[in-house]
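The analysis underlying the following values was restricted to heavy atoms, covering all of them including side chains, and did not include hydrogens, waters or symmetry mates. Since we're looking at a predicted model, the values are computed, not measured.
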Amino acid sequence: MDLDRFTNELLARQAELQARLSRTHQHLFHKQAPVSANFHERSVETANDDLVQALDLEGREELAQVVQALSRIESGDYLSCAVCGGEIGLPRLEALPYTDRCVRYASRQAD
């Protein structure tokens, strides 16, 4: 199996996520515009902030998974399921390169 291909995909995804997180962080913590005095506009701004916070959390979680996958490649554990130790399988890794579970255990929560 060509682990270099997965490494390159994961590194590209890592860079993409880091750039996205930088933008969401900028939006959330470095606002230049004052808060609107208009109630409707403030409501829209709050809803937008909530959405950006959700995207930020989702991005941080995915980035952690990508970093963990890169670590598993380095340690030689990338192809093994974290639950059963069996092979994850190429089709699953192609669909979700940062997964640490085989199809059988895909829906199990981390213990």
To the nearest 0.5 Å, tell me how far Asp56 CG sits from His25 NE2. 8.5 Å
Is there a path of hydrophobic side-chain contacts, each under 4.5 Å between heavy atoms, that joins Leu96 and Val103? no
Taking only residues two or more places apart in sequence, or in another chain, which ones meet Arg5 in a side-chain hydrogen bond (donor to acceptor under 3.5 Å, both in side chains)? Glu94
Under 3.5 Å, side chain of Arg72 to main-chain N/O of Thr99, donor-acceptor pair present? yes
Side chain to side chain contact (heavy atoms under 4.5 Å, CB included), that's the test. Do Asp100 and Gln68 meet it? Break it down for me. CA-CA 9 Å; Asp100 69 346; Gln68 183 62 31; 5.7 Å; no
Taking Tyr78 for the side chain and Pro97 for the main chain, is one N or O donor matched with an acceptor at less than 3.5 Å? yes
Group every Ile, Leu, Val, Met, Phe, Trp and Tyr by side-chain heavy-atom contacts under 4.5 Å, then state whether Leu3 and Leu93 land in the same group. yes
Shortest non-hydrogen separation from Cys102 to Cys81 and the atoms involved: N-SG, 3.4 Å
Please give me the minimum heavy-atom distance between Arg92 and Arg101, naming the atom from each residue. NE-O, 2.7 Å
To check you understand the geometry: which heavy-atom pair defines the closest contact between Leu55 and Arg20, and what is its length? O-NH2, 3.5 Å
Donor-acceptor pair, Asn8 side chain versus Asp4 backbone, under 3.5 Å? yes
Determine, stepwise, if the pair Val66 / Glu16 fulfils side chain to side chain contact (heavy atoms under 4.5 Å, CB included). CA-CA 11 Å; Val66 167; Glu16 180 182 320; over 6 Å; no
Give the cluster check for Val67 versus Leu17: same hydrophobic cluster or not, with ILVMFWY residues linked at side-chain heavy-atom distances below 4.5 Å. yes
Set out, in order, the CA-CA distance, both residues' side-chain angles and the distance that settles side chain to side chain contact (heavy atoms under 4.5 Å, CB included) for Gln14 and Leu11, then state yes or no. CA-CA 5 Å; Gln14 181 181 34; Leu11 288 171; 3.5 Å; yes
As a quick check of understanding, evaluate side chain to side chain contact (heavy atoms under 4.5 Å, CB included) for Phe6 and Leu90, giving each step before the final call. CA-CA 10 Å; Phe6 289 108; Leu90 183 60; 3.6 Å; yes
